[in-house]
K.L.:
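If you scroll down you'll find the structure; I have some questions about it.
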Amino acid sequence: MRKKIIAGNWKMNLNPEEAMCILERSKMFPAESLPNTEIMFAVPALYAMMAENSLRETPHSVLVQDVSFQDDGAFTGEISVNMVKASGLQGALVAHSERREYHNENNISAGKKIKKLLDVDLVAVYCIGEKLESRKNKEEKQIVKTQLTEALSGFEVRNFDRLVIAYEPVWAIGTGEVATVEQISEMHHFIREELSKLFGAENAEKIRILYGGSMKPENALEIIQIQDVDGGLIGGASLKFDDFKSIILSSI
Ligand code: PEP
């Protein structure tokens, strides 16, 4: 059975005290309280070591929000996969829609990052999803299929537990608008089918597919119960621990 993942994406939010408060409060969930759920925090890079120190004795994971596909060298402002690994972190988000929109991330660069992360046994949370215009033109499946195939074709995955897909329709991120149960169900099923074509059915069954897009305490239970939804990537509602806690509790 696939363990659920509830992952907070803090983006460029929270001061150190607020961040620390959320991390400390997350310790109310020891391993035995969540046998079927993993908690992850995708934190600003500057807070990653603080988060790692705080959560070292817990089962919760710390991710960075992006990583370079270069090994080392003159890449000012970047963080390498080896730095993430050596710092004791568990992985990275890849190709969040805001990275695609503002930082020229594309499916090919995303694929290189995912390969690097998986090669050193880190978690890669690969974010995909269509924009509103594509949804209106009924092109959402084609977009998602291309995002999957361009990034994930052509390399071997050793550990499918560490490859995580986050389906985040761009029109639902930070907008308060949530995809309907039917839309989520249809797309997650489609993604599993595409993963099956890429990696075979048995391996595709091991990959967690998260939903992201205005997930909050009021809708989390309904979304998490949808077949082929293995948890959530949560932006806004991960910034208030009480909201994040309610979403975690919905996954149990
Ligand atoms: C996100 O940034 O990945 C996200 C899903 O944000 P929000 O929950 O605020 O829509």
Side-chain angles (χ1 to χ4, degrees), residues 4-14 18-19 22 26 37-45 47-48 51 60-67 90-103 105 107 110 113-114 117 123-132 134-135 140 143-144 147-148 151 163-181 183-185 187-188 191 208-224 226 228-251:
K4 301 257 188 266
I5 295 175
I6 301 297
N9 174 16
W10 289 353
K11 311 192 186 193
M12 197 172 71
N13 290 299
L14 302 172
E18 292 164 339
I22 292 178
S26 75
T37 303
E38 292 179 43
I39 301 176
M40 299 185 176
F41 294 95
V43 305
Y47 295 172
H60 312 334
S61 297
V62 180
L63 312 178
V64 285
Q65 297 171 6
D66 186 34
V67 76
Q90 281 72 44
L93 302 184
V94 176
H96 188 278
S97 65
E98 288 146 21
R99 303 296 311 176
R100 292 180 187 266
E101 183 72 18
Y102 309 127
H103 301 275
E105 185 76 274
N107 302 331
K113 294 176 181 188
I114 295 166
L117 287 160
V123 171
V125 180
Y126 178 39
C127 304
I128 58 174
E130 79 286 355
K131 293 185 181 175
L132 185 57
S134 308
R135 171 67 64 173
E140 68 275 10
I143 298 283
V144 162
Q147 289 171 331
L148 289 171
L163 174 58
V164 178
I165 306 295
Y167 170 60
E168 303 202 291
V170 179
W171 45 272
I173 297 181
T175 58
E177 190 158 344
V178 191
T180 64
V181 169
Q183 287 169 328
I184 299 173
S185 170
M187 187 57 94
H188 279 236
I191 291 170
R208 268 82 59 90
I209 308 175
L210 315 183
Y211 170 77
S214 299
M215 210 158 146
K216 43 188 178 252
E218 301 80 52
N219 58 27
L221 185 60
E222 190 180 37
I223 294 172
I224 289 169
I226 300 171
D228 281 314
V229 172
D230 303 306
L233 180 56
I234 296 119
S238 72
L239 301 176
K240 290 193 190 127
F241 184 73
D242 287 332
D243 288 353
F244 196 53
K245 180 177 101 181
S246 300
I247 298 174
I248 294 167
L249 290 172
S250 303
S251 75

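From a predicted model like this one, the values you see are computed outputs, not experimental measurements. We count ligands from 1, going down the list as the structure has it; atoms in each ligand are counted the same way.
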K.L.:
Got the residues with a heavy atom under 4.0 Å of ligand 1, by chain and number?
P.N.:
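Its neighbours under 4.0 Å (heavy atoms only) are Asn9, Lys11, His96, Glu168, Ala172, Ile173, Gly174, Gly212, Gly213, Ser214, Leu233, Ile234, Gly235, Gly236, given by chain and number.
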K.L.:
Can you label the angle between the Trp10 ring and the Tyr47 ring as parallel, tilted or perpendicular, going by 30° and 60°?
P.N.:
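If you compare the ring of Trp10 with that of Tyr47, the planes turn out perpendicular.
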K.L.:
Report the distance from atom NZ of Lys240 to atom NZ of Lys245, rounding to the nearest 0.5 Å.
P.N.:
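Going from the NZ atom of Lys240 to the NZ atom of Lys245 covers 14.5 Å.
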K.L.:
Nearest 0.5 Å please: distance from the NE2 atom of His188 over to the CD1 atom of Ile209.
P.N.:
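Spacing of NE2 (His188) from CD1 (Ile209) equals 6.5 Å.
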K.L.:
How long is the straight-line distance from CD of Glu168 back to CG of Leu210, given to the nearest 0.5 Å?
P.N.:
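It comes to 8.5 Å.
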K.L.:
List in chain and number order the residues that pass salt bridge (charged side-chain N to carboxylate O under 4.0 Å, His left out) with Lys131, two or more places apart in sequence or in another chain; answer none if no residue qualifies.
P.N.:
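Here the qualifying residues are Glu101.
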K.L.:
From Ile184 CD1 over to Glu222 CD, what is the distance, rounded to the nearest 0.5 angstrom?
P.N.:
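These two atoms lie 8.0 Å from each other.
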